Amino acid sequence: QVQLVESGGGLVQPEGSLRLPCAVPGRMISMYTMGWYRQAPGNQREFVAIIGSTGSTHYSDSVKGRFTISRDNAKNTMYLQMNSLNAEDTAVYYCNLIGPTTYWGQGTQVTVSS
């Protein structure tokens, strides 16, 4: 079983920033593609960003230019740097690890409000 642990969520004002880590304790992540998704109340879970084992990245149009996905394989941790946040970014953010089985974290709440 692979455990993913998100953190870093919270309440932030519009135009603010947050950085979300996704830790994978005890598991080398370097060979895996990992991603971030989010789910707002009443909505389906949607894709945010993905990073491949080579470091290649892809973003949804809604976050492109504002969010940056990265990984530190030595720390078994992936990150999502979120800048210029707005109310539409309010959601529970989930990370995943894509292997023969896809594993998900428990999610971390991000609320953008003044």
Side-chain angles (χ1 to χ4, degrees):
Q1 186 71 18
V2 178
Q3 182 183 17
L4 283 73
V5 182
E6 303 101 333
S7 60
L11 175 64
V12 61
Q13 292 188 341
E15 294 303 313
S17 297
L18 280 176
R19 186 192 194 207
L20 306 182
C22 171
V24 190
R27 179 63 66 106
M28 293 179 62
I29 65 170
S30 58
M31 68 183 70
Y32 297 106
T33 293
M34 298 183 68
W36 286 97
Y37 288 71
R38 66 186 182 185
Q39 187 167 15
N43 292 353
Q44 292 186 335
R45 191 173 297 188
E46 66 174 5
F47 167 77
V48 174
I50 196 168
I51 184 165
S53 59
T54 61
S56 61
T57 59
H58 180 68
Y59 299 90
S60 69
D61 288 343
S62 62
V63 308
K64 195 174 298 181
R66 300 187 298 122
F67 291 11
T68 302
I69 189 172
S70 62
R71 61 195 302 162
D72 185 337
N73 292 331
K75 295 183 178 180
N76 294 336
T77 302
M78 177 183 63
Y79 302 93
L80 185 68
Q81 176 67 43
M82 306 186 294
N83 299 328
S84 301
L85 287 160
N86 57 61
E88 288 68 40
D89 297 315
T90 295
V92 178
Y93 284 72
Y94 299 90
C95 63
N96 72 359
L97 181 148
I98 302 168
T101 301
T102 296
Y103 297 93
W104 292 87
Q106 82 287 350
T108 185
Q109 175 71 47
V110 173
T111 302
V112 184
S113 176
S114 56

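Note that these values count all heavy atoms, side chains included, but never hydrogens, waters or copies made by symmetry. Quantities reported herein were computed from a predicted structural model and do not represent experimental measurements.
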> Quick one: does Y59's side chain get under 4.5 Å of T68's, heavy atoms only?
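They are in side-chain contact.
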> Might you point out which heavy atoms bring L80 and A49 nearest each other, and give the distance in Å?
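Heavy atoms only, the tightest pair is CD1-CB, 4.4 Å.
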> Hey, does the side chain of D89 reach the backbone of N86 with a donor-acceptor pair shorter than 3.5 angstrom?
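Checking the backbone N and O of N86 against the side chain of D89, a donor-acceptor pair under 3.5 Å is found.
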> With a 4.5 Å heavy-atom cut-off, do T102 and L97 have their side chains touching?
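No; the side chains remain at least 4.5 Å from each other.
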> Is it the case that the ring center of F47 lies less than 6.0 angstrom away from the ring center of Y37?
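Between F47 and Y37, which both carry aromatic rings, the centre distance is below 6.0 Å.
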> Do side-chain atoms of N96 reach the backbone of G35 as a donor and acceptor pair under 3.5 angstrom?
yes
> Looking at Y79, is R71 sitting on its ring face, NZ or CZ under 6.0 Å from the six-membered ring centre and within 45 degrees of the normal?
no
> Test side chain to side chain contact (heavy atoms under 4.5 Å, CB included) on Q81 and S70; report intermediate values, then the result.
CA-CA 8 Å; Q81 176 67 43; S70 62; over 6 Å; no
> Please confirm whether the backbone N or O of K75 pairs with a side-chain atom of T77, one donor and one acceptor, at under 3.5 Å?
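Yes; judged by distance alone, with no hydrogens or angles, the pair exists.
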> Please step through side chain to side chain contact (heavy atoms under 4.5 Å, CB included) for the pair I51 and H58, ending with a clear verdict.
CA-CA 7 Å; I51 184 165; H58 180 68; over 6 Å; no
> Going by distance alone, is a donor N or O of one side chain under 3.5 Å from an acceptor N or O of the other, for S60 and S62?
yes
> In chain order, what residues pass the side chain to side chain donor-acceptor pair (under 3.5 Å) check against E46, with sequence neighbours excluded?
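Testing E46 for side chain to side chain donor-acceptor pair (under 3.5 Å), a comparison that skips the adjacent residues, returns R38.
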> Are the side chain of S53 and the backbone of T33 linked by a donor-acceptor contact shorter than 3.5 Å?
no
> Side-chain heavy atoms under 4.5 angstrom apart, residues restricted to Ile, Leu, Val, Met, Phe, Trp, Tyr: same cluster for M78 and V2?
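The answer is yes; both residues are in one hydrophobic cluster.
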> Report the C-alpha distance between I69 and M34 in whole Å, list the side-chain angles of each, state the deciding distance to 0.1 Å, and finish with yes or no for side chain to side chain contact (heavy atoms under 4.5 Å, CB included).
CA-CA 10 Å; I69 189 172; M34 298 183 68; 6.0 Å; no
> Yes or no on side chain to side chain contact (heavy atoms under 4.5 Å, CB included) for E6 and W36, after CA distance, side-chain angles and deciding distance?
CA-CA 10 Å; E6 303 101 333; W36 286 97; 3.9 Å; yes
> Give every residue pair that meets the disulfide bond (SG atoms under 2.5 Å apart) criterion with at least one member in residues 39-86, sequence neighbours excluded.
none
> Out of V63, V48, V110, V112, which residue meets the side chain to side chain contact (heavy atoms under 4.5 Å, CB included) rule with M82?
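Single pass found, and it is V110.
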> Which label fits Y93 and F67: parallel for a plane angle under 30°, tilted from 30 to 60°, or perpendicular past 60°?
tilted
> Cut-off 3.5 Å, no hydrogens considered: what does the side-chain donor-acceptor table look like for residues 10-31, sequence neighbours left out?
unit_1 : atom_1 : unit_2 : atom_2 : d
S17    : OG     : N83    : OD1    : 2.9

